[in-house]
Amino acid sequence: MVELALIGGLFGAAGQAIRECLRLAQMRRVPASTFKMSGLITNLLIGFIAGSLGISVLANSAAYKITQRDIFTLLILGYTVGDFIERIMKVLLLQTDRTDRTPEPSTNSLGKTEGNGRN
């Protein structure tokens with residue numbers, strides 16, 4: 001079963017590598033983009049974990065034979081899980097960024113709230 005987990009992880013990481021190649025191609029078109037090796041390694045690790053978990057769901061025994069459909073499934077799984085996690089993190093970071101930027105209402109010397117009038 002460990003061998004299956006390693007094989008699934010490699011296919012998941014390969015799916016994530018495809019995604020990273022597309023991202024690098026996009027970065028060539030957008031000059032302001034920067035490449036981070038730590039991001040690449042993190043994404044490949046996420047793809048590996050997704051593939052390992054995916055094969056554990058697909059395989060029902062240690063004698064399981066991987067089919068072409070399983071390989072395609074693991075590649076897609078590695079690709080999409082990384083994209084899903086990245087989008088969730090962007091949403092969470094945007095939410096925390098917005099809460100950090102909301103101005104606190106101030107009070108004047110009469111005790112009335114100033115600013116945008118929202119509480």
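Note: hydrogens, waters and symmetry copies are ignored here, and every other heavy atom, side chains too, is used.
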**Request:** Answer with yes or no whether the hydrophobic clustering places L24 together with L40; edges join I, L, V, M, F, W, Y residues whose side-chain heavy atoms lie under 4.5 Å apart.
**Result:** yes
**Request:** Sorted by first residue and then second, give each salt bridge (Lys or Arg N to Asp or Glu O under 4.0 Å) pair with at least one member in residues 24-36; sequence neighbours left out.
**Result:** none
**From CA spacing to verdict: side-chain contact (heavy atoms from CB on, under 4.5 Å), V81, I46** = CA-CA 8 Å; V81 166; I46 288 170; 4.2 Å; yes
**Item:** Taking every non-hydrogen atom, the tightest pair across L77 and G54
**Value:** CD2-CA, 3.6 Å
**Asked** Which value, rounded to the nearest 0.5 Å, describes the distance between I76 atom CD1 and I71 atom CD1?
**Response** 13.0 Å
**Item:** Distance-minimising heavy-atom pair for G9 and S52
**Value:** CA-OG, 3.5 Å
**Prompt:** Given a cutoff of under 4.5 Å between side-chain heavy atoms of I, L, V, M, F, W and Y, with clusters grown through shared members, what are the other residues clustered with V91?
**Reply:** none
**Request:** Output every pair passing salt bridge (Lys or Arg N to Asp or Glu O under 4.0 Å) with a member in residues 67-84, not counting sequence neighbours, ordered by first then second residue.
**Result:** R19-D83, D83-R87
**Asked** To which residues is L10 joined in a hydrophobic cluster, defined by side-chain heavy-atom contacts under 4.5 Å among Ile, Leu, Val, Met, Phe, Trp and Tyr, whether direct or through other members?
**Response** V2, L6, F48
**Message:** Listing request: all side-chain hydrogen bond (donor to acceptor under 3.5 Å, both in side chains) pairs with a residue in residues 37-46, at least two apart in sequence or in separate chains.
**Reply:** E20-N43
**Item:** Shared-cluster residues of L53, by chain and number - hydrophobic side chains joined below 4.5 Å
**Value:** L45, I49
**Prompt:** Heavy atoms, side chains only, cut-off 4.5 Å: are I7 and L74 in contact?
**Reply:** no
**Request:** Compare every heavy atom of A50 with every heavy atom of G78, then report the nearest pair and how far apart it is.
**Result:** CA-CB, 4.5 Å
**Prompt:** Do V57 and F11 belong together in a cluster built from hydrophobic side chains that touch within less than 4.5 Å?
**Reply:** no
**Asked** What are the two closest heavy atoms between A59 and L4, and how far apart are they?
**Response** CB-CD1, 3.9 Å
